[in-house]
Q: 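Below is a structure I'd like to ask you about.
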Amino acid sequence: MKRRKIILQRKLLHRLNDLMKKVFSDIFRGASLKKTLLCFFILSGYFLLSGSEAKVYTKDQFVEVFIEKADIIESLKYKIESAQADYNKVLSQYFPKIKFTFGVGPHPKYEYERARIEEDGQGGYTFIESDWIKSYYDLSEYGVAIRMKGDIVLPVYTFGKIKNGLDVTKAQIEAKKAEAAIGELKLRKEAAVFYWSWVMASEMFATLEPALQQVDKAEEKLKEMLFEEKEGVRQKDLIKLRIEKEKLAYRHKKLVFQMETLKEVISQILGENWQLADSSMKVVEYKKEYDQIVDYMFSESPYSKYLTSGLSAYENLYELEISKILPDLGIAGYFTYKYTSSVYEKNYPYPDSPYNGWDGELGIGFVFNLNFVEQGMNIKKAKSEWRAMKAQASFAKKSAPLIIKQKYNELKSLESQVEHMKNARKFSKGWMTSEFTNYESGFNNTNDLIDAVKVFFENEYLYIQSIYDYNMKVEDLIEYTGAR
């Protein structure tokens, strides 16, 4: 009995083994071990990816990530650092400028001999002047020469040069900060374009998918009615329906390509596994009135700060060029130290020889710039640039309210368009639903259905596009004024 049980178990194992071989041979028929392993890893990766949840990004989160990934922000930061370095450079003029030179080298033997009178051997005398005896060719007598020299200049009063230079660089720093803020506003608008473009494309895609299925059903129904030779149904009705179907199919295919492009761009920003919080278009809330926007534009916006800082920089630059005509009062001095081991100066009549000893001077005085013609041209140029900037600022203050008014009225017009298209969308959707129901029941003709489908999709597209245009106009107004 026990032996029969073992035999049955062996037969069962053999059948199970044969069954597994058959299953795997069907799956991997003609495949090598490498292909089998490749399939295994692909399936494993698929289940791992499908198991991980996509990270959801709101519009504000998407914009922040977009700005973080933009290299232009780093460029703007470096421009601010460059302006700060210019300020520190001007500030450093309050401190003394010191220049120090040090050198070491070989030096031949020099020996000083005093003036003397020698007998010439013929009863006469010769006067020999004092001089240095220099032994250039006796290398064994060479020594070491050390030289040091220092210069110092300390401005005491510059008649406004340093002050005006500091004011110019301060204004430049503020201008660069305002420029960075303007750059960020432009990036925020660009990020919003990508965000709402994806949401709009996704919503239109979600609308087209079931619509195409309904049109397919209507086409099949129309074929049946033509086959049954139903009264009032003609071949041209089928052609008209197919024409509208092809238009829808083209829009569907176009959306697919657009979404592929957008997905590639957004994936470079967010990574591969992402999802946007909005799946359908919604109107962005913006409650600022025209007067509030104008007041913000001229008081707190980065554009106002950029204009004010630029005007201040040109004015201070003009004053700086004027101050360059005046002299500089300052302290100046120098010192030197010389040591030469191969110089013998015991007979030298003075305290310090040219080759050994200390020397230095320190005093106070004026430095004048006598290039009056050149400096006069610099002043004229700076004055012209300042006046040009004042004219630009005046023009901007006059034209900006008009541009803001135009953009604000366009925003209000789009707000009204969204509201009316919302009502039209509701009516067209009800009409299309009714026509599909009647068509399937055989109570109406094909023309009414085609007209309803056309009107619905036109209104659906206009409604979604209206919301997109409204949101983009909000972003355009924020970019121009900074009034978020």
Side-chain angles (χ1 to χ4, degrees), residues 85-86 88-165 320-379:
D86 288 336
N88 294 333
K89 182 180 178 180
V90 177
L91 189 63
S92 67
Q93 294 182 21
Y94 279 119
F95 298 93
K97 297 179 181 178
I98 300 173
K99 181 180 179 182
F100 181 76
T101 306
F102 175 81
V104 178
H107 197 280
K109 177 184 176 181
Y110 286 7
E111 185 173 0
Y112 189 81
E113 289 189 358
R114 293 182 178 180
R116 63 190 184 277
I117 297 174
E118 291 184 354
E119 190 176 353
D120 58 7
Q122 297 178 358
Y125 295 90
T126 303
F127 178 77
I128 300 175
E129 294 184 2
S130 58
D131 195 6
W132 291 96
I133 305 302
K134 301 177 181 179
S135 305
Y136 291 111
Y137 303 106
D138 189 358
L139 299 180
S140 63
E141 296 291 341
Y142 267 68
V144 176
I146 298 175
R147 301 288 184 266
M148 288 188 290
K149 182 181 180 182
D151 296 288
I152 180 170
V153 177
L154 176 61
V156 176
Y157 189 71
T158 62
F159 294 91
K161 294 182 184 67
I162 297 179
K163 176 187 175 299
N164 290 326
L320 174 62
E321 294 296 339
I322 292 176
S323 65
K324 286 182 179 180
I325 296 178
L326 303 174
D328 292 333
L329 175 64
I331 297 172
Y334 76 94
F335 77 93
T336 59
Y337 172 72
K338 300 175 183 179
Y339 169 75
T340 311
S341 64
S342 57
V343 172
Y344 300 92
E345 53 186 26
K346 63 180 181 178
N347 296 323
Y348 195 71
Y350 304 107
D352 293 322
S353 75
Y355 308 103
N356 288 290
W358 295 84
D359 190 15
E361 292 178 347
L362 185 66
I364 187 168
F366 289 94
V367 177
F368 291 89
N369 179 13
L370 300 180
N371 297 319
F372 297 117
V373 176
E374 180 183 354
Q375 191 56 34
M377 295 299 103
N378 291 336
I379 293 172

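We number each residue from 1, following the sequence as shown.
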Q: Crowded around F95 CZ? As in, over 12 foreign heavy atoms under 6.0 Å?
A: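 It does not: F95 CZ has 12 such atoms or fewer within range.
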
Q: Can you measure from NZ (K324) to OG1 (T158) and round to the nearest 0.5 angstrom?
A: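 That separation rounds to 11.5 Å.
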
Q: Who pairs with E111 by salt bridge (Lys or Arg N to Asp or Glu O under 4.0 Å), at least two apart in sequence or on another chain?
A: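 Partners of E111 by the salt bridge (Lys or Arg N to Asp or Glu O under 4.0 Å) criterion, ordered by chain and then number, come out as K109.
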
Q: Mind running side-chain contact (heavy atoms from CB on, under 4.5 Å) on I146 and K338 for me, showing each step along the way?
A: CA-CA 6 Å; I146 298 175; K338 300 175 183 179; over 6 Å; no

Q: How would you list, by chain and number, every residue that makes a side chain to side chain contact (heavy atoms under 4.5 Å, CB included) with N347, sequence neighbours excluded?
A: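 So N347 forms a side chain to side chain contact (heavy atoms under 4.5 Å, CB included) with Y112, R114.
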
Q: I would like to know whether I331 and V153 meet side-chain contact (heavy atoms from CB on, under 4.5 Å); could you show each step before the answer?
A: CA-CA 6 Å; I331 297 172; V153 177; over 6 Å; no

Q: What pairs of residues pass the ring pair (Phe, Tyr, Trp, His ring centres under 6.0 Å) test when at least one of them lies in residues 320-346, not counting sequence neighbours?
A: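 Non-adjacent pairs meeting ring pair (Phe, Tyr, Trp, His ring centres under 6.0 Å): Y337-W358.
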
Q: For side-chain contact (heavy atoms from CB on, under 4.5 Å), just list the numbers for N369 and I325, CA-CA rounded to whole Å, side-chain angles, deciding distance to a tenth of an Å, and then say yes or no.
A: CA-CA 6 Å; N369 179 13; I325 296 178; over 6 Å; no

Q: Using side chain to side chain contact (heavy atoms under 4.5 Å, CB included) as the criterion, list what pairs up with L329, not counting sequence neighbours.
A: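 Residues passing side chain to side chain contact (heavy atoms under 4.5 Å, CB included) with L329: V156, Y157, I364, F366.
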
Q: Applying side chain to side chain donor-acceptor pair (under 3.5 Å), can you list everything that pairs with K89, at least two apart in sequence or on another chain?
A: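 None.
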
Q: How long is the straight-line distance from OH of Y348 back to OG of S353, given to the nearest 0.5 Å?
A: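 So the gap between those two atoms works out to 6.5 Å.
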
Q: Can you tell me how far CD1 of I322 sits from CG of N378, rounded to the nearest 0.5 angstrom?
A: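 It is 12.0 Å, given to the nearest 0.5 Å.
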
Q: If I take atom CD1 from residue I152 and atom CZ from residue F100, how far apart are they, to the nearest 0.5 angstrom?
A: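 Atom-to-atom, I152:CD1 and F100:CZ are 13.0 Å apart.
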
Q: Using side chain to side chain donor-acceptor pair (under 3.5 Å) as the criterion, list what pairs up with E321, not counting sequence neighbours.
A: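 Only Q375 meet the side chain to side chain donor-acceptor pair (under 3.5 Å) criterion with E321.
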
Q: So, using side chain to side chain donor-acceptor pair (under 3.5 Å) as the criterion, who are the partners of K161 when residues are at least two apart?
A: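 Only D328 meet the side chain to side chain donor-acceptor pair (under 3.5 Å) criterion with K161.
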
Q: Just jot down the side chain to side chain donor-acceptor pair (under 3.5 Å) partners of S135, sequence neighbours excluded, or say none.
A: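 Expected list: none.
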
Q: What are the two closest non-hydrogen atoms of S342 and P108, and how far apart are they?
A: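 For S342 versus P108, the nearest heavy atoms are OG-O, 2.9 Å.
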
Q: Quick test of your reading: applying side-chain hydrogen bond (donor to acceptor under 3.5 Å, both in side chains), list the pairs with at least one residue in residues 140-154, sequence neighbours left out, ordered by first then second residue.
A: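 Of all non-adjacent pairs touching residues 140-154, those that pass side-chain hydrogen bond (donor to acceptor under 3.5 Å, both in side chains) are D138-S140, R147-T340.
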
Q: Please, which pairs that meet side-chain hydrogen bond (donor to acceptor under 3.5 Å, both in side chains) have at least one residue in residues 91-103, sequence neighbours excluded?
A: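 Sorted pair list comes back empty.
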
Q: More than 12 heavy atoms of other residues, nucleotides or ligands under 6.0 Å from CZ of F102: yes or no?
A: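 Yes, the 6.0 Å shell around CZ holds more than 12 heavy atoms from other groups.
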
Q: Under the side chain to side chain contact (heavy atoms under 4.5 Å, CB included) rule, collect the residues that match up with I133, sequence neighbours excluded.
A: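 With neighbours one apart ignored, the set is E113.
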
Q: Once you round to the nearest 0.5 Å, how far does CG of N356 lie from OH of Y110?
A: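 Rounded to the nearest 0.5 Å, the CG-OH separation comes out at 12.5 Å.
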
Q: Tell me every residue that passes side chain to side chain contact (heavy atoms under 4.5 Å, CB included) with E129, counting only those two or more places apart in sequence or in another chain.
A: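 Scan of E129 (side chain to side chain contact (heavy atoms under 4.5 Å, CB included), adjacent residues dropped) gives F127.
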
Q: Roughly how far, to the nearest 0.5 Å, is CG of D352 from OG1 of T336?
A: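 Rounded to the nearest 0.5 Å, the OG1-CG separation comes out at 9.0 Å.
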
